[in-house]
Amino acid sequence: MWVLCPSAAARAEAAPGEFPPCAGARRGAGFGDALSGAGRARAEAAAAAGARAMGAPERDLYRDTWVRYLGYANEVGESFRPLVPVQVVWASYGVATAYVTADAIDKGRRAAAAHAQDPAQATRVGVAVVDTFVWQSLASVAIPGLTINRLCAASLALLGALTRWPPPLRRWTTTALGLAAIPIIITPIDRTVDFLMDSSLRKLYGAPGEPPAPH
C-alpha cells in the first residue's frame, strides 16, 4: 500500500507522531533503483547491439571457444592407438573431420555476410570455404595425425627393443609420449602448411576470401 507523504511544512507543524513514517518515499526510492538497474541493462544491450552494427568482430565458435579442441581429436586418437581398438582411432578422425567441415562452412557463411552486396560474393564464399577446408585438413588432420602415428610407432618399437618393460607399461608410455608431443608439433605444422599454401593454392586467388586475380 502506498502512503502519501505530507509536505515538509505540514510535518513541521504537526504534533509528534501525527503522521506515520513516509513509507511511500522509501518504496519509491527502491522502485527508482530498480528502474535505474533496468535502464543500465537496456543501455548495455543497446551498446552491444551498436557495436555489432558497427562491425565489431563476432566471436568465432570454431577458433575462440573449446570447440577448437575438437580439431585435435585425431592426434589424441593416434596417441591412444596402442591401447584402444582401431575403431576408436577412426572415430577420432571422424570427429576431427566434422570439425574441419563445420569450420569451413562457417567461414563461408561469414564471407557471404561480409560481401552481401558484392557481385563476386559467390567467388569469395567459395574461396573462403576451400581455403579453410584445405588448410584445416592438412594442419589439423592429415599432417599431425601422420606425425603422431609415426612417433608412437617408433616409440613402441624402440621401447620393445631397448627395455624389458612389460607390454602394458610400454603401451602407456607410448601414449604419454604421443600426448606430450601434440602441443609441440602444432606451431611448426601450422607454419609449414601456411608456407605450402602461400606457395601454391593461395597464388591462384590471393589472400583468403579474395577472388582470383584476372588473367
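In this text the structure is predicted, and so the values were computed from the model without any measurement.
Scored by the side chain to side chain contact (heavy atoms under 4.5 Å, CB included) test, D60 finds Y62, R63, D64, D106, K107, R110 as partners (sequence neighbours excluded). The side chain to side chain contact (heavy atoms under 4.5 Å, CB included) search around T163 returns L159, W165, R170, not counting sequence neighbours. In terms of the side chain to side chain contact (heavy atoms under 4.5 Å, CB included) criterion, residue partners of F195 (sequence neighbours excluded) are, by chain and number, S199. Legend: residues meeting side chain to side chain contact (heavy atoms under 4.5 Å, CB included) with P119, ordered by chain and number and at least two apart, are absent.
Contact between V89 and G77 at its shortest, heavy atoms only, is CG2-O, 3.5 Å. Counting all heavy atoms, side chain and backbone alike, A73 lies closest to V95 at CB-CG1, 3.8 Å. In plain terms, the two heavy atoms of S92 and N74 that are nearest each other are OG-CA, 3.5 Å. In this structure, G71 and Y99 approach most closely via the heavy-atom pair CA-CD2, 3.5 Å.
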Assess the residue pair R81 and T174 against the criterion (side-chain contact (heavy atoms from CB on, under 4.5 Å)); give the C-alpha distance rounded to whole Å, side-chain angles, the decisive distance to 0.1 Å, and a yes or no.
CA-CA 9 Å; R81 185 183 284 270; T174 297; over 6 Å; no
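The ring pair (Phe, Tyr, Trp, His ring centres under 6.0 Å) contacts involving residues 75-95 comprise W90-Y93, where partners must be two or more places apart or lie in separate chains.
Residues W135 and L61 are members of one and the same hydrophobic cluster, defined by side-chain heavy-atom contacts under 4.5 angstrom among Ile, Leu, Val, Met, Phe, Trp and Tyr. Cluster membership check: L162 does not share its hydrophobic cluster with W172, using side-chain heavy-atom separations under 4.5 Å among Ile, Leu, Val, Met, Phe, Trp and Tyr. Residues L156 and L83 are members of separate hydrophobic clusters, defined by side-chain heavy-atom contacts under 4.5 angstrom among Ile, Leu, Val, Met, Phe, Trp and Tyr. Following chains of ILVMFWY side-chain contacts shorter than 4.5 Å, one can reach V100 starting from V76, so the two form part of one hydrophobic cluster.
A distance of 8.5 Å separates NE2 in H115 from CD in Q121, rounded to the nearest 0.5 Å.
No side-chain heavy atom of V134 sits under 4.5 Å from any side-chain heavy atom of S137.
Distance alone, capped at 3.5 Å, places no donor-acceptor pair between the T97 side chain and the G94 backbone.
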Please list, one pair per line, the donor and acceptor atoms closer than 3.5 Å that link side chains of residues 139-153 to other protein atoms, with sequence neighbours excluded.
residue : atom : partner : partner atom : Å
S140    : OG   : Q136    : OE1          : 2.5
T147    : OG1  : I143    : O            : 2.8
N149    : ND2  : E78     : OE1          : 3.0

List, one per line, each side-chain donor-acceptor pair under 3.5 Å for residues 179-192, sequence neighbours excluded.
residue : atom : partner : partner atom : Å
T192    : OG1  : P188    : O            : 2.8

